[in-house]
Asks: 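First the structure, then my questions, so here it is.
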There are 2 protein chains.
Amino acid sequence: MVQIELSTEEKILKAAEEVFMRDGYDGSRMQDIADVAGINKALLHYYFRSKDKLFEKVFDAKIQSFFPQMGEKFSQDIPFVDKIHIFIEGYMGLLLKNPYLPLFVLNTVNNKDKSAFIKKLPIELSRQVAQSYYVEFKKGNVRELNPAQFIMSLMGMCIFPFLAKPILLDMFKADNATFDKLMEERIQELKRYVTLILTP
Amino acid sequence: MVQIELSTEEKILKAAEEVFMRDGYDGSRMQDIADVAGINKALLHYYFRSKDKLFEKVFDAKIQSFFPQMGEKFSQDIPFVDKIHIFIEGYMGLLLKNPYLPLFVLNTVNNKDKSAFIKKLPIELSRQVAQSYYVEFKKGNVRELNPAQFIMSLMGMCIFPFLAKPILLDMFKADNATFDKLMEERIQELKRYVTLILTP
DNA sequence: TATAAGTTTAACCAAATGGTTAAATATGCC
DNA sequence: GGCATATTTAACCATTTGGTTAAACTTATA
């Protein structure tokens with residue numbers, strides 16, 4: 001395995017992501033980010049003038065992965081149910097790799113001071129799902145429902161376990177590996193759920 | 001309408017709940033809580049020695065409402081699907097009255113420093129649903145599924161819109177009243193979903 | 001009226017924290 | 001070598017914040 005040398009800027013962004021995601025904006029310390037990046041606080045401010053500026057950089061990239069842009073996938077010519085199955089697989093995979101992502105994004109979105117950072121809204125996701133749904137509905141291939149409500153349910157079912165992870169670990173007396181296995185099973189379970197909901 | 005005079009302690013707890021729920025632990029200021037309660041900081045510390053102690057009091061009450069204890073409802077002798085319908089109605093009603101509850105509880109649960117506050121775990125909810133489910137499953141009245149996965153889905157579907165509320169308001173160009181109406185519709189939609197999932 | 005508890009005011013403290021600065025040192029590049 | 005940029009060190013500053021204290025004032029009650 002080749003060791004790729006990260007530039008200082010990259011090291012900082014990586015460290016900032018880690019700390020912000022773990023501790024939230026208020027809970028994060030510039031000193032802590034500097035420590036994780038293996039540099040000192042002065043250099044941190046040398047690269048990113050303020051905590052706010054640094055946060056914005058990190059957050060921008062993250063919010064877009066949380067509200068996934070499904071463009072290509074949803075424009076494929078396959079049944080709507082299959083698109084949703086693909087969504088579930090992709091999204092759960094993302095969450096398994098970024099278990100802190102949901103709480104981080106939802107906190108920021110709900111933070112008055114940080115709402116200015118939210119530039120690119122996930123209108124696309126909703127629009128694409130709705131359009132793709134109605135095409136299929138007219139063909140009589142899916143049951144009648146409100147696509148907006150459906151996408152909320154879908155995302156909710158995917159993210160909830162990651163938000164409540166500490167509680168679930170305790171409830172099931174499980175460790176991280178067991179949790180991940182439970183989420184793998186969950187992918188199949190959710191696919192079954194949406195099939196039942198969507199199939200007329 | 002009779003004006004009921006709140007005791008100072010009650011005023012403080014009410015104010016603390018409001019501020020903690022809105023700003024989170026880190027984001028909350030003792031001065032702010034005192035202001036909302038209409039008293040001064042000295043008196044605040046006179047009643048509750050520290051921020052931690054005050055937070056614990058508020059959080060204790062809240063976590064139990066977030067993971068609802070369904071004891072009586074689930075022991076009723078009615079079909080499992082009906083129990084779930086009752087759950088949805090009750091839980092969505094609670095969330096409509098406490099829209100900040102989910103983010104507050106989930107943040108606290110995920111906060112290392114605050115994990116000591118979590119004493120009473122919601123094992124009951126999971127146990128009751130599971131037991132109630134298996135009784136009904138043996139009678140062939142519900143489809144086969146993993147009750148733990150199901151309860152996660154149920155809670156996720158209920159809470160997600162409240163967590164993503166700022167985004168949804170923006171996406172649908174809606175105000176608070178419209179959002180509440182959307183959630184009222186959602187109750188019916190979710191009932192349909194679970195019926196489809198559970199009915200063999 | 002005397003006593004105790006509740007409440008206010010205002011000043012104060014110590015620690016944490018975001019951010020700055022200046023000088024020294026290292027590094028790469030012409 | 002000499003120059004610019006990157007990096008470190010370390011001290012420093014202003015502000016915020018949780019928490020304390022002491023003295024004065026209010027209120028109810030015995």
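By convention in this document, chain letters (A, B, ...) are assigned in the order of the sequence lines, proteins followed by strands, and residues within each chain are numbered from 1.
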Asks: Let me know, please, whether A/A42 or A/Q31 comes out on the 5' side of the other along DNA chain C by nearest nucleotide.
Replies: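 On the 5' side of the pair lies A/Q31.
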Asks: Between D/dG19 atom P and B/R49 atom CZ, what is the distance in whole Å?
Replies: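 In whole Å, D/dG19 P lies 10 Å from B/R49 CZ.
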Asks: Is there a side-chain polar atom (N or O) of B/T8 under 4.0 Å from OP1 or OP2 of C/dT7?
Replies: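 Yes, B/T8 has a side-chain N/O under 4.0 Å of OP1/OP2 on C/dT7.
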Asks: Measure the distance from CG on A/D26 to C1' on C/dA16 and round it to the nearest whole Å.
Replies: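 Whole-Å distance recorded here is 14 Å.
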Asks: Round to the nearest Å and state the distance from A/K41 atom NZ to D/dC13 atom P.
Replies: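 These atoms are roughly 14 Å apart.
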Asks: Counting only side-chain heavy atoms from C-beta out, which of D/dG19, D/dT7, C/dG19 sits nearest to A/L43?
Replies: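 Per side-chain heavy atoms of A/L43, the pick is D/dT7.
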Asks: Output yes when B/K181 and B/E184 qualify as a salt bridge under the 4.0 Å nitrogen-oxygen rule, no when they do not.
Replies: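 Salt bridge between B/K181 and B/E184, a charged N being under 4.0 Å from a carboxylate O: no.
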Asks: Can you tell me the distance, in whole Å, between the CD1 atom of B/I33 and the C1' atom of D/dG19?
Replies: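 Rounding to the nearest Å, CD1 of B/I33 and C1' of D/dG19 are 14 Å apart.
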Asks: Does A/R29 place a side-chain N or O at less than 4.0 Å from the phosphate oxygens OP1/OP2 of C/dG18?
Replies: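 True: A/R29 side-chain N/O within range (under 4.0 Å) of C/dG18 OP1/OP2.
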Asks: Kindly say if A/Y46 contacts the phosphate of D/dA6, meaning a side-chain N or O under 4.0 Å from OP1 or OP2.
Replies: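 A/Y46 to D/dA6 OP1/OP2: side-chain N or O found under 4.0 Å.
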Asks: Measure NE2/A/H45 against P/D/dT9 and give the value in whole Å, please.
Replies: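 Rounded to the whole Å, the gap is 17 Å.
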Asks: Rounded to whole Å, how long is the line connecting atom CG of B/L44 with atom C1' of C/dT8?
Replies: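 After rounding, the gap between these two atoms is 14 Å.
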Asks: To the nearest Å, how far apart are B/F48 CZ and D/dT20 C1'?
Replies: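 From B/F48 CZ to D/dT20 C1': 18 Å.
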Asks: Using a cut-off of less than 4.0 Å, is there contact between a side-chain N or O of B/Y47 and OP1 or OP2 of C/dT7?
Replies: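 Yes, B/Y47 has a side-chain N/O under 4.0 Å of OP1/OP2 on C/dT7.
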Asks: Strictly by modelled atom types, are A/Q188 and A/R192 linked by a side-chain donor-acceptor pair under 3.5 Å?
Replies: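 The criterion, which ignores hydrogens and geometry beyond distance, is not satisfied for A/R192 and A/Q188.
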Asks: Less than 6.0 angstrom from the centroid, inside 45 degrees of the normal: does A/K165 satisfy that with respect to the ring of A/F179?
Replies: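 Judged by the rule, A/K165 and A/F179 form a cation-pi pair.
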Asks: Would you please say whether a donor-acceptor pair under 3.5 Å links the side chains of A/Q31 and A/D35?
Replies: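 A/Q31 vs A/D35: donor-acceptor pair found between side chains.
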Asks: Would you kindly give the CG-to-P distance between B/N40 and D/dG19, to the nearest whole Å?
Replies: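 One finds 15 Å between P of D/dG19 and CG of B/N40, rounded.
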Asks: Are B/K51 and B/Y25 in a cation-pi setup, meaning NZ or CZ lies under 6.0 angstrom from the ring centre and within 45 degrees of the ring axis?
Replies: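 Judged by the rule (NZ or CZ under 6.0 Å from the ring centre, within 45° of its axis), B/K51 counts as positioned above B/Y25.
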